[in-house]
Amino acid sequence: MTTFNILLLGSGGREHAFAWKLAQSKRCSKLFIAPGNAGTSTHGQNVPINPLDFPAVAQFVLDNQINMVVVGPEEPLVRGIWDHFQANEKLKNIPFIGPSKAGAVLEGSKAWSKKFMQRHKIPTAGYQEFTADTLEAGLEYLKNHTLPIVLKADGLAAGKGVVICQSHAEALEEMREMLSGKFGDASARVVVEEFLSGIEFSVFVLTDGKTYKILPEAKDYKRIGEGDTGPNTGGMGAVSPVPFVDETMWEKVESRIIRPTVEGLRKEKIPYKGFIFFGFIEVGGEPMIIEYNCRMGDPETEVVLPRLKNDLVTLFENCAKGTLGRVKIRSDKRTATTVFLVSGGYPGDYAKGKLITGLEKVKDGIAFHAGTTLSKDGHCVTNGGRVIALTSLGKDIPSALRKSNRNAKTVQFEGKYFRRDIGKDLL
Ligand code: AMP
Ligand code: GLY
């Protein structure tokens, strides 16, 4: 049995969930997380390396006989960490979970991904793209557009690059701001998209570039307030499975969107061994894709992995070897919910360094850490807006949510806030 010394890159709740699942495998001999958080350090060793410092990551891999690399977040992928490894004879054959730069562009450029969808006839909203050079044409285009209007910065904008404008005046102003550098280079190009109305859900696929395996689907809750009100956040909670995604919907999602996407990557000879996150919206019974991401979702990973029964190391090994076709995905039939505890003030300004207590009292569930760190005297303290995700399993949404919410009350820190209504819209 081959065992693996694994290096996992990232520091959020998604990475804690990965670390938790990888560490359960008998095939994981050592686990390092760069840079990790207070939670990941309970499953492996955190190492203070920035995932964007590719030479430092590569050196660590060589020095520590790492034989599997797993990339959590999108930014290193979009900037080409896979390509950096491929360029080095000593690194190129190490199993690596994450696409090439050419594949990560599915997330890294919304304009590119829209063209890809069109080339492969994948159902999505109509769009146009504009740059500073075509600003005047863009403004004219907006004036005749039906409301609301969706404006998207082309590049990575830390989840803030999508603005839904309710009036023409707002859209004109937003386009001017984006094209004059509101999100830096990320908004040098702007995609104007038709607004789609419906329920959203996310599907995750692991592909080895030839075939793919579908993981449990999930729905996340982005707004800060109960009843989906207030500003967007990185995600306040998630649920898996999503009850309205029935057999018929799965069939459409797979045949019209997932399969053409993986086939499209293959036909275009784009190296891709890793996750594809499909953001869907159901419009009148038909699935449309609103976005691709080149990684797992956060907080969706915190409900997807607890339902996944497969050994994650073996799954990744098959992905890297190109033998995913052999694998059968097995998932727990129960429902998983996760509820995020966030810092007071988030998604605006918030304090850090608040002492977190009650973690040892969490029962019937898992506390996945996101924005946490260990203080100098070894206490677990807050270190971000989204702090801890409390995941539980139950026979249905209410029973899982009762446990998540109970644990959400038990864990304490000054300024703590959480939504109590995760998944309730699905009942
Ligand atoms: P993204 O950053 O691409 O995940 O988009 C953020 C959110 O904007 C999505 O989760 C949707 O809620 C919303 N969104 C994006 N595109 C559209 C669209 N064409 N119509 C309606 N809502 C959209
Ligand atoms: N939960 C949405 C994302 O990870 O982008």
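Residue numbers count from 1 along this sequence. Note that ligands are numbered from 1 as they come in the structure, with each ligand's atoms numbered from 1 the same way.
The six-membered or imidazole ring of Phe340 lies away from that of Phe418, with a centre-to-centre distance of 6.0 Å or more. Ring pair Phe54/Phe85: centre-to-centre distance not below 6.0 Å.
The protein heavy-atom contact nearest to atom 8 (O) of ligand 1 is Val162 CG1, 3.5 Å. Given atom 2 (C) of ligand 2, the protein heavy atom at minimum distance is Asp220 OD2, 3.5 Å. From the protein, the heavy atom lying nearest to atom 11 (C) of ligand 1 is Glu200 OE2, 3.1 Å. Ranking the protein heavy atoms by distance from atom 21 (C) of ligand 1 puts Leu196 O, 3.1 Å first. In terms of protein heavy-atom proximity, atom 18 (C) of ligand 1 is closest to Glu193 OE1, 3.6 Å. Remark: minimum distance from atom 3 (O) of ligand 1 to any protein heavy atom is reached at Lys110 NZ, 3.0 Å. When hydrogens are left out, the protein atom nearest atom 13 (C) of ligand 1 is Ile164 CD1, 3.9 Å; that is the closest non-hydrogen contact. The closest protein non-hydrogen atom to atom 4 (O) of ligand 1 is Glu291 OE2, 2.6 Å.
For Lys114 and Glu129, the salt-bridge test fails: no basic side-chain N is under 4.0 Å from an acidic carboxylate O. The pair Lys210-Asp208 does not count as a salt bridge, with every side-chain nitrogen at least 4.0 angstrom from each carboxylate oxygen. A salt bridge does not link Glu193 to Lys110: none of the charged side-chain nitrogens sits closer than 4.0 Å to a carboxylate oxygen. Salt-bridge check for Lys152 with Asp154: failed, with every basic side-chain N at 4.0 Å or more from each acidic carboxylate O.
Heavy-atom proximity to Lys152, at under 4.0 Å, picks out these atoms of ligand 1: 15 (C), 16 (N). Interface atoms of ligand 2 facing Gly297, defined by a heavy-atom separation under 4.0 Å, are 4 (O). The contact set between ligand 1 and Lys222, taken as ligand atoms under 4.0 Å from a residue heavy atom, comprises 10 (O).
For the atom pair OG1 of Thr335 and CG of Leu401, the computed distance is 11.0 Å after rounding to the nearest 0.5 Å.
Taking only nitrogen or oxygen atoms, main chain and side chain alike, Lys222 does not reach within less than 3.5 Å of ligand 2.
Of the N and O atoms on the side chains of Asp396 and Ser399, at least one donor lies less than 3.5 Å from an acceptor on the other residue. Using modelled atom types and a 3.5 Å distance limit, the side chains of His43 and His16 yield a donor-acceptor pair.
Considering only non-hydrogen atoms, atom 4 (O) of ligand 2 lies nearest to Arg295 out of Arg14, Glu74, Arg295.
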